[in-house]
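Structure first, commentary second.
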Amino acid sequence: MEKAYNPKDCEEEILKKWQDEKVFTAINPNDSQTGKSFTVPIPPPNVTGQLHLGHAMMLVIQDIMSRYHRMKGDATLWLPGTDHAAIATESVVLKNLGVASREVFSRPEFLEKCRTHTDKTHKTITNQIKRMGASCDFTRERFTMDLGMSNAVQKIFTDLYKAGLIVRGHRMVNWSTGAQSVLADDEVEWEDRKEPFYSIRCGRFVIGTVRPETKCAHSPIVLHPDENYVLARFTDSAGKSEELIFSEVLFYDEERRNKVFNLLDENGKWELVSVHQGKEFEGQKFEAETYAGMRIFFVLCDAQVIDIKKGTGAMTISANHSADDYDLAKRRNLDEYFIEKIGFDGKMKSIAGVLEGETVQEARWKAGKTMKEKGLLVGKDTSYVHNVPLCYRSGCVVEPMISPQWFIAVEKEFLWQEGVGRIRNEELEMKNKGEKTTLKKLMQDAVREKQVKIIPERFEKTYFQWIDNLRDWCISRQIWWGHQIPIWYDEQGKEYTAHEQTLLFSRHGESEAEPSNILQKNPLLTKKGETQAKELGEKLLQEGRRIAKIICSPLERSKKTAEICRDALTPSNSPTPLNPPFSGGKSGGEIPIEIWEDFDEIRFGDLEGTVRATETGKTTMERMMNEPTAESLEDLHSRALKIWEKISALPPEDGEILFIGHRAFTGILFAVRDGVKPEHFIDVRKRWEMGNCTVKEITWMVKPKKDSFLRQDEDTLDTWFSSALWPFSTLGWPDTKNPDFQNFFPTSVLETGHDILFFWVARMIMFSLFATGKNPFETVYLHGLVCDEEGKKMSKSKGNGIDPLDMIEKYGTDALRMAMVVGTTPGNQVNLGEKKIEGYRNFANKLWNVARYILALPLHPDYKPLTNGNAELLTERWILSKTQRLIQEVHKGLENHQYGEVGQKLYDFTWNDLADWAIEASKTETQLAHPLQEVLKTLLKLLHPYIPFVTEKIWEVMPLSTGGHDTLLLALTAFPEYDEALIDEKAEYDFGLLQEVITKIRSLRAATKVEPAKKIKAIFTGSNIEILQKNELILKNLARLEEVLYGEIPTEKCVTDMISGTEIYLPLSEMVNMEDEKGRLKKELLEAEKLLQNLDSRLSNEQYITSAPPHLVAETRAKKEEVEKKIETLKILF
RNA sequence: GGGCGAUUAGCUCAGUUGGCUAGAGCAUCUGGUUUACACCCAGAGGGUCAUAGGUUCGAAUCCUAUAUCGCCCACCA
């Protein structure tokens, strides 16, 4: 072993080992130790993204839980994947192409470019995930735009649509004129801006606005019904006067009044004419001048929207261009006031008269100018600052606009029924069956009934606050990269949904190649195979299947199977005419068989004619990889993609479509649907394996049935829509019979940052309950935001960001991992500096050296294993006992998601107990070699979830690891179990005393400035000296003593102290400045007396004696005695 | 404006049902080439647990108010 641990040298090699051994490929729960599954769906990172500390944080915590559960023997699946991140990807792709707008390309062209780009960047982020040591099952990696996912998106969209929960409507949305798209609320950035605030005459009323360009149409003047308004007369210095109406508070606030009316003659005079409540004006109708000409106004009173302290206490509204005004107009049925003043191009409409066609920005100052010229302005405050919404992408000002969009109606009631909104808890299911509910209620109940547990709990409040105020979710986006809305329109604008097509996949009957075990391209069916084919048809018939069409491979064995099966299905041959089968739309006719040339088996090339794989010890696929004439994995991939394209383009059928194909290629087909990359084809080979004539059923969404022209809605879905399906779509939904779905859903823990509790977590709960009837996960664990050392958000612009990859390079992955998690607590911000990472680099090195030392110890020939506390060595009993306590704490902590604390405990044990004491003791007691190896072995396992690399590396060189039940790889060993038999309280007490005595002597030596190397004499009296006697060698070596005496209080001058009733005397008078020593003693005495006082007051309290737990009182008494004794001793010396 | 949280050593943070003299790492100081480790060892100093009240035998921990900071949501008169 090298002197120092060098992560760079071994991390890559260890990663490869894990990969080669398929350590992270989830196993079936039936094959696991515990029979239980543990599933973690990864929050899919942006496919174009780079690893940042937020990712690092989630990866570390998820890896700790995954590795822990895997080692505990659970069938553990940590399912990785990436997110297509629609808007971000589009802008990156456009930027890379150097193009301003996607319209330069056709839609398919542009999508192709996005796909190429994401295929490329996908490798970057996944490799970075791997470098973190993340034990994800990459054979199950998914992408939110892979085929299966798109299918799932279409399926749930269609179901929601049919349930009336997805609706198209005109709603107020954030419109980005720059991006020409609707923005989600979280895509809007707010900025304080200084813009002129105008006060405008509107008849006799004065209104305020920062948006003069919108004051061009008929509008209500809105007043507060119960607040006071004044009719005030203003007379300028020339003697001209006018009457204006505005709020009373403004009239009496002279300073503000002057500001609001700063365009009026400053030498003019105000006088009060009369005071009125707002409602006195209600209903007044009048014509008044605007910048765009004469318009009609009327007075409307509304207590909800008017804040009398703002502006003049009066306003006009723009129902189409302000969310508040929109709500008011809706609420008060002001239908005729929905007037479009601004277009989607960001330019003024004709209602703006002279300003028609101007951009909003231009129109704004021009409107102000025109008003001024027309004498409509009474004031202009240029110092007004307000908060402006900006498009995070184009930077333009976001306009609230009314636009047709798709929404998820969260408050719309729908009926509980099979498969829709069914809840997992059976009691609840009964309660709710046949009842109406809403998506909002589903989300609320899941958390309220604790079916989904949120850690830390306080985020439940945040969750409810959000859900309670939730409005309909706008899911459509005007971009191209994403899932296109699966709705089609005919010429009349009628809406059509995707067709849910059931596909049955079967394999041909037994062929001649099977008994002969020779790879053949085109063998015939055997007799057995023919029977199997017939049985297949009969079975389908019996099940009441309505096979509309059979599609089969061009090879003889499948063609023949298809024919036999078809005949068995055809009515004339049917033994059960009571159950007439459906036959492809032609009553009584034959079921059509289509042959797809490219649906044949994988092509073996020159391997043909050789003995089948099983006999050569290698699978056929493995052999194919080295055979240039055989079909390559990439070729298989693209062939499978083409088949899926063909399937998706199939005309919808009312019955099922039966595919008869081949084992290997059908497997590839399923793999490709699930987004499996060619390099993993071999790993997943067994996942979809099928026997002769067995059937797999899947649901596949195809275009709707309509002979005439159909046009698909051009919008795409919000990225969060597909993310909201993540926990179940990745496991095969909508095919709920998929083994992965059955084995691993619902998932166990969803770990993510608390900032996406709403956008993601809540929506997953909503969709999962709707689609599967189950909550998607049992527990939600939320980590905090990662910030720099000073608690500032990390950002590229500030340059305070720490790049996790740099840190890995510099300190190793383990150091970064440990630093991310130790000293943190769920949901709280984590302030991470480089120093902290450095500290854990040191820790990894410490562990390395602990191992290096322990492994170099010669095993003691006389060592006898410890049997229930009979060992002679105190140190051994002590360290074994401490190890058990550690195991117990680690289990408890990890079960309760206390990752920070467990990490701390592991650190403390390694450094303080093992390295500083047990190892130091072993330099005296060489028999410790054996137990220390055992402890190290256990410790490596305990530490492995936190620092997998260094522990795995040490494991590699451990001689013990090859024996016993342990596996070659640490990642595959069983996690240590707590063994109470090894707990030894006496040993813990005795060794604790030894530690205290040694520490005290060291401290006394340092305080009295004795040369460190100097060996001195020590005398012990009082209690417990037999413990010291027994362990005199350790005592001597660790405290640097040359002679030890017991029992007699020395006569010479001594430095002294007392620990747990044991008095320590060090005769150092000739070396010590006795004045200093006096000072030290005095301080000790003072402290002891203070403590005694404290204890005394506690014990003299009746209430304490009676109310406090007895053991506590006893402890206090003992403590008191001890302190009294100590004071006595100190006083004698004084 | 509404909500949530934080405030503990010079710095960054632990402290899960209230209970020994409140802990860790870093930094500081003193001393150390003890053949596992200077990415180390031994020792030391450093805290009215933001403030003010309250509950309790007992409060960093529970309650109430105040202050400061942070985050989330809402927000164009």
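Reminder, nothing fancy here: chain letters follow the sequence lines and each chain counts from 1.
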Problem set entry | Phosphate OP1/OP2 of B:C39: any A:R841 side-chain N/O under 4.0 Å | no
For this session: Would you indicate what A:Q904 reaches in the nucleic acid, counting non-hydrogen atoms under 4.0 angstrom: base, sugar-phosphate, or nothing?
Result: sugar-phosphate
Exercise. Does a nitrogen or oxygen in the side chain of A:W911 sit under 4.0 Å from OP1 or OP2 of B:C41?
Worked result: yes
Problem set entry | Test item: A:S318 side-chain N/O and A:N320 main-chain N/O as donor-acceptor pair under 3.5 Å | no
Exercise. Do A:N469 and B:C73 share a donor-acceptor pair, side chain to base, under 3.5 Å?
Worked result: no
Seminar exercise, completed: Picking from B:G3, B:A14, B:A36, the nucleotide nearest the side-chain atoms of A:E920 would be B:A36
Exercise. With respect to A:F758, which candidate in A:F464, A:W466, A:F459, A:W473 satisfies the ring pair (Phe, Tyr, Trp, His ring centres under 6.0 Å) definition?
Worked result: A:W466
For this session: Establish, with yes or no, whether the OP1 or OP2 oxygen of B:A36 is under 4.0 angstrom from a side-chain nitrogen or oxygen of A:K923.
Result: yes
Exercise. At under 4.0 Å between heavy atoms, what does A:V850 touch on the DNA or RNA strands: base, sugar-phosphate, or nothing?
Worked result: base
Exercise. Nearest to the side chain of A:P1012 - B:G19, B:C76, B:G32?
Worked result: B:G32
For this session: Figure out the CD/C1' separation between A:E996 and B:U21, and round it to whole Å.
Result: 13 Å
For this session: Would you mind classifying the nucleic acid contact of A:T209 as base, sugar-phosphate or nothing, using non-hydrogen atoms under 4.0 angstrom?
Result: sugar-phosphate
For this session: Mind checking A:A856 for me? I need base, sugar-phosphate or nothing, with any heavy atom below 4.0 Å counting as a touch.
Result: nothing
For this session: Taking only the side-chain nitrogens and oxygens of A:T825, find out if one of them lies under 4.0 Å from OP1 or OP2 of B:G15.
Result: yes
Problem set entry | A:F843/A:Y907 aromatic ring centres below 6.0 Å | yes
For this session: Measure the distance from CD on A:E457 to C1' on B:U16 and round it to the nearest whole Å.
Result: 11 Å
Exercise. Say you pick atom C1' in B:G70 and the same atom in B:C76; how far apart are they, in whole Å?
Worked result: 26 Å
Exercise. So which nucleotide from B:A27, B:C37, B:C39 ends up closest to the side chain of A:K835?
Worked result: B:A27
Exercise. Phosphate oxygens OP1/OP2 of B:A77: is one of them under 4.0 Å from a side-chain N or O of A:T316?
Worked result: no
Seminar exercise, completed: Between A:L1112 and A:Y1104 the two heavy atoms that sit nearest each other are O-OH, 3.8 Å
Problem set entry | Position toward the 5' end of RNA chain B (nearest nucleotide), A:E195 or A:K3 | A:K3
Exercise. Reckon A:D908 touches a base, only the sugar-phosphate, or nothing at all at heavy-atom distances under 4.0 Å?
Worked result: nothing
For this session: Looking at every strand, decide which applies to A:Y811 at a 4.0 Å heavy-atom threshold: base, sugar-phosphate, or nothing.
Result: nothing
For this session: For A:R193, report the nucleic acid contact type (base, sugar-phosphate, nothing); a contact means any heavy atom under 4.0 Å.
Result: nothing
For this session: Would you mind classifying the nucleic acid contact of A:G311 as base, sugar-phosphate or nothing, using non-hydrogen atoms under 4.0 angstrom?
Result: nothing
Exercise. If you take all heavy atoms of A:V222 and A:D302, which pair is closest and at what distance?
Worked result: CG1-CB, 4.0 Å
Exercise. Which part of the nucleic acid does A:T999 contact within heavy-atom distance under 4.0 Å: base, sugar-phosphate only, or nothing?
Worked result: sugar-phosphate
Exercise. For A:C202 and A:I221, which heavy atoms make the closest approach, and how far apart are they?
Worked result: SG-CD1, 3.4 Å
Exercise. What is the nucleic acid contact for A:V222, judged by heavy atoms within less than 4.0 Å: base, sugar-phosphate only, or nothing?
Worked result: nothing
Problem set entry | Nearest-Å distance once atom C1' is located in both B:G5 and B:A77 | 34 Å
For this session: Output yes when at least one side-chain N/O atom of A:R1098 is less than 4.0 Å from OP1 or OP2 of B:U21, else no.
Result: yes
Exercise. A:Y463 side chain N/O closer than 4.0 Å to the phosphate oxygens (OP1, OP2) of B:G3?
Worked result: no
Exercise. B:U21 base to A:E1087 side chain: any donor-acceptor pair below 3.5 Å?
Worked result: no
For this session: Using a 4.0 Å heavy-atom cut-off across all strands, classify A:I919 as base, sugar-phosphate, or nothing.
Result: base
Problem set entry | Exercise: identify the closest heavy-atom pair between A:K1014 and A:R1005 | O-NH2, 2.6 Å
Exercise. Does A:N828 have a side-chain nitrogen or oxygen under 4.0 Å from the phosphate oxygens OP1 or OP2 of B:A14?
Worked result: yes
Exercise. Per the atom types in the model, does the base of B:C4 pair as donor or acceptor with the side chain of A:K461 at under 3.5 Å?
Worked result: no
